[in-house]
Protein chains: 2
Amino acid sequence: MAPKARNVTQREIARIAGVSQTTVSMVLNDRDGSNVRIPEATRERVKRAIEQSTYVADPAARRLAGLDNQIMGVFTYEAALSPESMDFYGPLLNGLERAAEQVGCDLLFFTSSPVEDGTRSLFHRKTRLRLADGCILLGQQMDGDDLKRLVDEEFPFVAVGRRDETTAKVPYVGIDYVSLTAELIARAAELGHREALYVHRGRNSPTARDRLQEIHTSNASGGPRFTLVDGVDTIVEDLARTGATLVFAEDAFLAEDVALALGKAGTVVPEQVSLTALGEVRGHRVNGHPLSGFQVPRQQVAAEALNLLQQLITTPSDEWAGLDTQLLLAGQLELGETLVGRA
Amino acid sequence: MAPKARNVTQREIARIAGVSQTTVSMVLNDRDGSNVRIPEATRERVKRAIEQSTYVADPAARRLAGLDNQIMGVFTYEAALSPESMDFYGPLLNGLERAAEQVGCDLLFFTSSPVEDGTRSLFHRKTRLRLADGCILLGQQMDGDDLKRLVDEEFPFVAVGRRDETTAKVPYVGIDYVSLTAELIARAAELGHREALYVHRGRNSPTARDRLQEIHTSNASGGPRFTLVDGVDTIVEDLARTGATLVFAEDAFLAEDVALALGKAGTVVPEQVSLTALGEVRGHRVNGHPLSGFQVPRQQVAAEALNLLQQLITTPSDEWAGLDTQLLLAGQLELGETLVGRA
DNA sequence: GCGAGACGCTAATACGTATTTTCAGATCAC
DNA sequence: GTGATCTGAAAATACGTATTAGCGTCTCGC
């Protein structure tokens, strides 16, 4: 590497102020006790020397000496800053940035982790994970082994979204999709719907399972009866075959695809069939109608995740058991105009 | 699970393999020379010990030992991840992320820097700037003193956007707004426009000055004559007073404001007056017409900036003089439909 | 006048890694 | 057979900061 212009160190300051490096460190950290005492005069002298130099503490050395660095890692299983993923990651990143600013920490994005099979891998030979005090994990799907290993190593981290990929107790902050889905199903029942489709993606994430669980509960308990459909290809026939009056889509984009497919076949939402997304719907419209679904506090989730992480970092790991490390935040129904009474 | 899971270190590996920490380091870094020789047998033994452990090198220690870490700092003078700033920062961040992935480096966002007077300050007592190998600077306006200090300290950094806040030779990658503006003025002249307004914001950034310079050149050299207007409040009167047939706005958002203000007064774009933005116009429309202006390669700018930074880091600072550290990338005119022949 | 404690500071050490130097034993040259 | 070279490895050191232990000097109490 380049023969860097040597930096100002405590030793240099010490030389100027005519004291030892230890004293400089003590002054900088405002240490004062029974075995270490520094009179105001010396303190001032050191401080002046620091002011007149361009000294800044070397974070690597601080870290090596065992102190916190206020650096939070951010690991995303997919590219986070691309235009396509902004819809999902945008609010989360925004929440993280704001919380980080408040807490006073920097964010280290692990953009270097090699991509294998379409997702980034967290642990690899040169992982820089440990440069951070802790880490936020983002992504729709996560690797259960990664999560387990992090827990085992007692590395402070918080996942965004409920996690059940491993039996290890993973700290997370997520959204309570179970309750939201249940509420929405109840609402649909009130409106007289008895037969419905649930259109989902192949994906197998915990939040997907949460929704699915309630769908199954409804089927088993005499609520509206759902037929599961994977993708929109056969949606028109499925609708005709089951006589469904309502379609639940896993998310807003899928809902838009559904509306499009139905529209092509001459079936109009919501006049002929109701449509609802089981996800954030802000900004989504179908045939000019605001889409029915959820409002989820994504920024807040991210902010809470960072706060929880901060808590883990400042708490000795043998006291983690006493912390509430699995948070589900409540979202709210967004009634919209595409879920209406049975036609 | 009670015992503290201390991190695996080279010393630990050494103990297991029955060698010294030195040897472990040598194996890890594939060192082999006249001074240091390790036979394949020992090498294998160490490697196996590493494989079976969860060892990962501590980046802080590596850094302290003088190695680079493939960590690029990202400093933004304003919040970068908020929805409002996404329009400006989004493409830049995207370009950075992709380039970082290619180069194999992580991105450290300095979100902790305290905000004073609305902008973040780069240098402060606890700045973690130096934890990064180098730094990318983003923002419309930058602090000349910051830039000068970075240059003086020979810290590797690259600014995004042309910089002239200091006489120090600041490495940057920007967009050639001078040529673009000149082209657009020439185009306007071809279309017969002789009298025009230039609507700008109070802002005083280098790119703003670049555009302004060409506006003045046009005025001085017999091109279309521009009257400068600050903000849209008096736009209607200004238009009437000067008899202008064309409005240049500093950016697309300002252009939209102009169109709105004119519309309220019954003046329609582009039928009665032409309108053009001196900035990126993708996705912007005025009265249903695609806005005329520029297409600027923001992602590419960011990617080039990261590549340049990488170059600076891997080049000894006494050879920087031989590098081409000030790049202007060419954008292209987006003709759109709001710049038409003189009415 | 002499031990006890207070005072003001520093030497020594630790953190984990990379490099430079050193060293013991084997082999070679003559 | 003995100085020289080669081999395989470890000891010593450096990076910059934080902490712990401890040292010399002064003052107080009796």
Side-chain angles (χ1 to χ4, degrees), chain A residues 1-15 17-46 50 53-70 125-131 133, chain B residues 4 6-15 17-46 50 53-70 125-131 133:
Chain A
M1 193 153 74
K4 300 197 119 156
R6 293 242 315 110
N7 254 312
V8 184
T9 68
Q10 288 184 2
R11 199 196 305 287
E12 181 73 3
I13 300 288
R15 205 183 48 72
V19 295
S20 72
Q21 175 263 323
T22 304
T23 304
V24 175
S25 175
M26 294 304 181
V27 171
L28 277 167
N29 296 7
D30 270 329
R31 278 306 119 87
D32 207 347
S34 54
N35 50 359
V36 170
R37 294 160 297 258
I38 298 164
E40 203 49 41
T42 310
R43 223 170 258 277
E44 271 313 310
R45 196 149 39 90
V46 172
I50 292 172
S53 73
T54 59
Y55 174 83
V56 286
D58 181 336
R62 283 176 63 85
R63 169 115 201 121
L64 197 56
L67 274 75
D68 280 359
N69 242 330
Q70 299 290 84
R125 232 176 67 72
K126 305 213 125 191
T127 186
R128 290 179 266 273
L129 186 60
R130 304 214 60 93
L131 189 45
D133 295 332
Chain B
K4 43 166 186 144
R6 287 272 310 112
N7 253 330
V8 183
T9 68
Q10 288 184 0
R11 200 195 305 288
E12 180 74 0
I13 301 287
R15 204 182 49 71
V19 296
S20 72
Q21 175 263 325
T22 305
T23 305
V24 176
S25 175
M26 292 307 180
V27 170
L28 277 168
N29 296 19
D30 269 329
R31 280 306 119 88
D32 206 347
S34 54
N35 268 345
V36 171
R37 292 160 298 260
I38 299 166
E40 204 49 40
T42 309
R43 222 171 260 276
E44 271 314 310
R45 197 151 37 91
V46 172
I50 293 173
S53 75
T54 59
Y55 174 82
V56 286
D58 181 336
R62 281 178 62 85
R63 175 128 207 97
L64 197 55
L67 276 74
D68 56 358
N69 254 323
Q70 298 291 88
R125 191 119 309 278
K126 305 212 122 193
T127 187
R128 290 176 269 273
L129 185 61
R130 305 210 68 94
L131 196 45
D133 296 337

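Just so it is clear: chains get the letters A, B, ... in the order the sequence lines come, proteins before strands, and each one is counted from 1.
Atom OH of Tyr55(A) and atom C1' of dT17(D) are 7 Å apart (whole Å). Nucleotide dG16(C) holds its C1' atom 13 Å from the CD1 atom of Ile13(B), rounded to whole Å. We find that CG of Asp30(A) is positioned 12 Å from P of dT19(D), with the value rounded to whole Å. Atom CG of Asn29(B) and atom P of dT20(C) are 12 Å apart (whole Å). Protein atom CZ of Arg15(B) is 14 Å distant from nucleotide atom P of dG16(C), rounded to whole Å. Rounded to whole Å, the distance from CD1 on Ile50(A) to P on dT17(D) is 10 Å. Straight-line distance from the CG atom of Leu67(A) to the P atom of dG16(C): 14 Å, rounded to whole Å. Counting to the nearest Å, the P atom of dT17(C) and the CZ atom of Arg62(B) are 10 Å from each other.
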Review item, side-chain donor-acceptor pairs of residues 39-46 of chain B, under 3.5 Å, at least two apart:
{"from": "Arg43(B)", "atom 1": "NE", "to": "Ile38(B)", "atom 2": "O", "distance (Å)": "3.4"}
{"from": "Arg43(B)", "atom 1": "NH2", "to": "Arg31(B)", "atom 2": "O", "distance (Å)": "3.4"}
{"from": "Arg43(B)", "atom 1": "NH2", "to": "Asp32(B)", "atom 2": "OD2", "distance (Å)": "3.3"}
{"from": "Arg45(B)", "atom 1": "NH1", "to": "Ala17(B)", "atom 2": "O", "distance (Å)": "2.4"}

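You'll find a donor-acceptor pair under 3.5 Å spanning the side chain of Gln21(A) and the base of dA18(D), going by distance alone.
If you check every strand for non-hydrogen atoms under 4.0 Å, Arg11(A) touches nothing. Within 4.0 Å of Arg63(A), counting heavy atoms only, lies no atom of the nucleic acid at all.
Here the side chain of Met26(A) is nearest to one of dG16(C), dT19(C), dT20(D), namely dT20(D). Of the candidates dA18(C), dT17(D), dA11(C), the closest approach to any side-chain atom of Thr22(A) belongs to dA11(C). Of the candidate nucleotides dG16(C), dT19(C), dG16(D), dT19(C) has the atom lying nearest to any side-chain atom of Ser25(B). Residue Gln10(B) places its side chain closer to dA18(C) than to any other of dT20(D), dG16(C), dA18(C). Comparing atom distances between the Asp58(B) side chain and each of dA18(C), dT17(D), dG16(C) picks out dG16(C) as nearest.
Residues meeting the side chain to side chain contact (heavy atoms under 4.5 Å, CB included) test with Arg128(B), sequence neighbours left out: Pro59(A), Asn69(A), Gln70(A), Ile71(A), Asp106(A), Phe110(B), Ser112(B). Under the side chain to side chain donor-acceptor pair (under 3.5 Å) criterion, Ser20(A) pairs with Thr23(A), not counting sequence neighbours. For Thr54(B), there are no side chain to side chain donor-acceptor pair (under 3.5 Å) partners two or more places apart in sequence or in a different chain. For Asn29(B), the side chain to side chain donor-acceptor pair (under 3.5 Å) test picks out no residue, with sequence neighbours left out. Under the salt bridge (charged side-chain N to carboxylate O under 4.0 Å, His left out) criterion, Glu12(B) pairs with Arg15(B), sequence neighbours left out.
Of the residues listed (Asp68(B), Asp133(B), Asp58(B)), the one engaging Arg63(B) in a side chain to side chain donor-acceptor pair (under 3.5 Å) is Asp133(B), and it is the only one.
Contact between Gln21(B) and Gln10(B) at its shortest, heavy atoms only, is NE2-OE1, 2.9 Å.
Between Tyr55(B) and Leu28(B) the shortest side-chain heavy-atom distance falls below 4.5 Å. Residues Leu129(B) and Val56(A) have side chains not in contact (no heavy-atom distance under 4.5 Å, counting atoms from C-beta outward).
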What's touching nucleotides 5-9 of chain C from the protein side, N or O pairs under 3.5 Å?
{"from": "dG8(C)", "atom 1": "N7", "to": "Arg37(A)", "atom 2": "NH2", "distance (Å)": "3.0"}
{"from": "dC9(C)", "atom 1": "OP1", "to": "Thr42(A)", "atom 2": "OG1", "distance (Å)": "2.9"}
{"from": "dC9(C)", "atom 1": "OP2", "to": "Thr42(A)", "atom 2": "OG1", "distance (Å)": "3.0"}
{"from": "dC9(C)", "atom 1": "N4", "to": "Asn35(A)", "atom 2": "O", "distance (Å)": "2.1"}

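Rounded to 10°, the angle separating the first-five-pair axis and the last-five-pair axis of the helix from dG1(C)-dC30(D) to dC30(C)-dG1(D) equals 70°.
Taking side-chain N and O atoms only, Arg31(A) has a distance below 4.0 Å to OP1 or OP2 of dT19(D).
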